Amino acid sequence: MSLTCFVPFLFVSLIATGCAARPFYPLPSKISNENKQPIQTSRPYNIAHRGSNGEIPEETAVAYMRAIEEGADFIETDILATKDGVLICFHDVTLDETTDVAKYKEFANRKRTYDVQGSLTTGFFTVDFTLEELKKLKVKQRYPFRDQQYNGEFSIITFEEFISIALDASRVVGIYPEIKNPVLINQHVKWLHGKRFEDKFVETLKKYGYGGPYMSKDWLKQPIFIQSFAPTSLIYTSNLTDSPKIFLIDDVTIPTQDTNQSYWEITSDHYLDFIKQYVVGIGPWKDTVVPEKDNYLQTPTDLVAKAHARNLQVHPYTYRDENVFLHFNFHQDPYQEYDFWLNKIGVDGLFTDFTGSLHNFQEWTSPLSRNHSSYKSSSSEVLEKIALLISSYKNG
C-alpha cells in the first residue's frame, strides 16, 4: 500500500470523530490477533523511532502506520501528559519545535519557564494544555531537510490511539513506549487519589491487555518494551507490571534526570548488576557504545559485552539515513552502518527513523534468522550475489 492510501483514510477518520478530543480509532480494538502473523524473534528488532519519522512528522498516526507497512517489529513512542491528565504521544516537553502552537493567539499567554532536568526551559509545555486544546494543533517535521509536504496535516495522538494502531495491524506489532520526563510530569500534573504518572501509564497498558515477562505467551501475543531514562520510574513500574523494561542511557555528559547519576556510574559493573533485577536490557546513545571523533568512529567500548554478560539486551539509538547523521566510516551508506552494528558490534535491536531501509537490509542479509548463513554476509557480498544473478540472467 502506498503512502497516499494512508492520508485519505486518516482525514476521513478525523472528520468522523466529530470532536477534536475524541480518538479516531475504536477503543479497545475489535480485531482479534489469533490468526495474525507473529512477531519475528530470530533477528535484532527493527524499532520504529517515533514512527517512520524520516518520511512523515514524528509520533503521528500516519507515521506509525507507515512504519508498520515498512516492516517495523516495534513502534516506539514518548508518553507525556496533558493538563487534564490524558497521556499523549509527543517527544518534547514543549510544543514549540514540532507544532504550530505559536500561530494560535488564544494560547499566546501559555508560555512558561520550568526547570527541566536541571536547566531552565521556556516554551509552550504540554502540561499547560488540555487534550481538547492540543488536538487543535498540527504537527510538523523536526528537520528542515526532510519532506515538508505533510506539515500541518496531522494531529497529536493519545497513548490509547497509539496502542490501537498497533493492535489493529494485520500482523502482531509490538509497542515500545517511553515514560518521558516523569519528574516534570509528576510535578505539574495531578491525578485523583495521589496517583503518579507511572500509575496511569501502567493502567493504560493493562486496560489493553499488555503484560507478561519477555518471551512469555502473553508477551508474544502483545509484545512490549517499557523504556525510561529514569531508573526510579523503572523500579517503581516493576512493582506494577511484569512487562519487560529497558533502561535508556544518555550521552556521557548527561546525568540521570531523577537520581543525578553520571554515565560512568550507571554503566559500571556494580550498577548493571543492580539494574538487571528490574530490566531486560539497555538502550544507549550509540556514540557511547562506539565513541566518535571528528565524525570518525573510534575503538568500541565494552558496554555491549558487559550487558550481554548479564543477559541484558542492547538497543542503541538513533539510526538515520541522511548523510549529516552518518559517520565518515560508512561512506554515506546507511546499509554499511546497519552491517557494522548488527554484525560487528552485535546489538539486539536498533531505533531507526527509517524503518523501511533497516527492514530491507535485514531481509536481504538475514531472511530467516540471525544464525542463517546469509546473515553473516557483508553488504558487499550481497551486492556481488545480486550482480552475478543479473549477469547470469542477461547471458541466459
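As the structure is a prediction and not an experimental result, all values here were calculated from the model.
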Assess, by modelled atom type and distance only, whether the side chains of [X] and [Y] contain a donor and an acceptor separated by less than 3.5 Å.
X	Y	value
Lys138	Ser155	yes
Asp287	His327	yes
Glu55	Ser52	yes
Gln313	Tyr214	yes
Tyr338	Ser357	yes
Tyr176	His49	no
Asn329	Glu337	no
Tyr114	Gln187	no

If you define the side chain from C-beta out and look only at heavy atoms, does anything of [X] sit under 4.5 Å from [Y]?
X	Y	result
Ile156	Val139	yes
Ile246	Ile226	no
Leu220	Pro38	no
Ile175	Thr77	no
Phe197	Ile79	yes
Ile224	Pro177	yes

Counterpart residues, salt bridge (Lys or Arg N to Asp or Glu O under 4.0 Å), relative to Lys245 (two or more places apart)
none
For Asn109, does the CG atom have more than 12 heavy-atom neighbours from other residues, nucleotides or ligands under 6.0 Å away?
yes
Around Gln332, counting heavy atoms of other residues, nucleotides and ligands shown, do more than 12 lie under 6.0 Å from its CD?
no
Same cluster (ILVMFWY, side-chain, under 4.5 Å), [X] and [Y]:
X	Y	value
Val183	Ile254	no
Trp264	Ile266	yes
Phe247	Val252	yes

If hydrophobic residues (ILVMFWY) are linked whenever their side-chain heavy atoms come closer than 4.5 Å, directly or via other members, who joins [X] in its cluster?
X	answer
Tyr143	Phe145, Val324, Phe325
Leu326	none
Tyr296	Phe328

Mind checking side-chain hydrogen bond (donor to acceptor under 3.5 Å, both in side chains) for Gln40 and listing every partner two or more places apart, or none if nothing turns up?
Asp73
Taking all heavy atoms of Gln141 and all of Asn151, pick out the closest pair and write down the distance.
N-OD1, 2.8 Å
Is any side-chain N of the basic residue among Glu58 and Lys140 closer than 4.0 Å to the acidic one's carboxylate O?
no
Note: Glu203-Lys207 ion pair, threshold 4.0 Å (strictly below):
no
Those residues that, when tested against His91, pass ring-ring contact (aromatic ring centres under 6.0 Å, His included) (two or more places apart):
none
Between Tyr319 and the options Tyr335, Trp341, Phe351, the ring pair (Phe, Tyr, Trp, His ring centres under 6.0 Å) test singles out Trp341
Audit row: Tyr236, Arg196, side chain to side chain contact (heavy atoms under 4.5 Å, CB included) steps and yes/no:
CA-CA 10 Å; Tyr236 182 86; Arg196 293 170 46 162; 3.5 Å; yes
Side-chain (Lys136) to main-chain (Val101) donor-acceptor, under 3.5 angstrom
no
Backbone of Pro284 reached by a side-chain donor or acceptor of Thr288 within 3.5 Å
no
Summary of side chain to side chain donor-acceptor pair (under 3.5 Å) pairs that have at least one residue in residues 248-257, sequence neighbours excluded
Thr256-Thr259
How would you list all residue pairs meeting side chain to side chain donor-acceptor pair (under 3.5 Å) that involve residues 270-285, not counting sequence neighbours?
Asp273-Arg310
Sorted by first residue and then second, give each salt bridge (charged side-chain N to carboxylate O under 4.0 Å, His left out) pair with at least one member in residues 94-103; sequence neighbours left out.
Glu97-Arg142, Asp100-Lys103
Salt bridge (charged side-chain N to carboxylate O under 4.0 Å, His left out): which pairs involve residues 79-89, sequence neighbours left out?
none
Could you point out which residue of Glu59, Arg320, Arg146 forms a side-chain hydrogen bond (donor to acceptor under 3.5 Å, both in side chains) with Asn53?
Arg146
Before you tell me yes or no, could you show the steps for Phe124 and Phe107 under ring-ring contact (aromatic ring centres under 6.0 Å, His included), namely the whole-Å CA-CA distance, both residues' side-chain angles and the distance that decides it to 0.1 Å?
CA-CA 9 Å; Phe124 296 97; Phe107 299 145; 8.1 Å; no
With Ala81 via side-chain contact (heavy atoms from CB on, under 4.5 Å) - residues at least two apart:
Leu87, Ile185, Val189, Trp191
Any residue meeting side-chain contact (heavy atoms from CB on, under 4.5 Å) with Ser119, in chain and number order, not counting sequence neighbours:
none
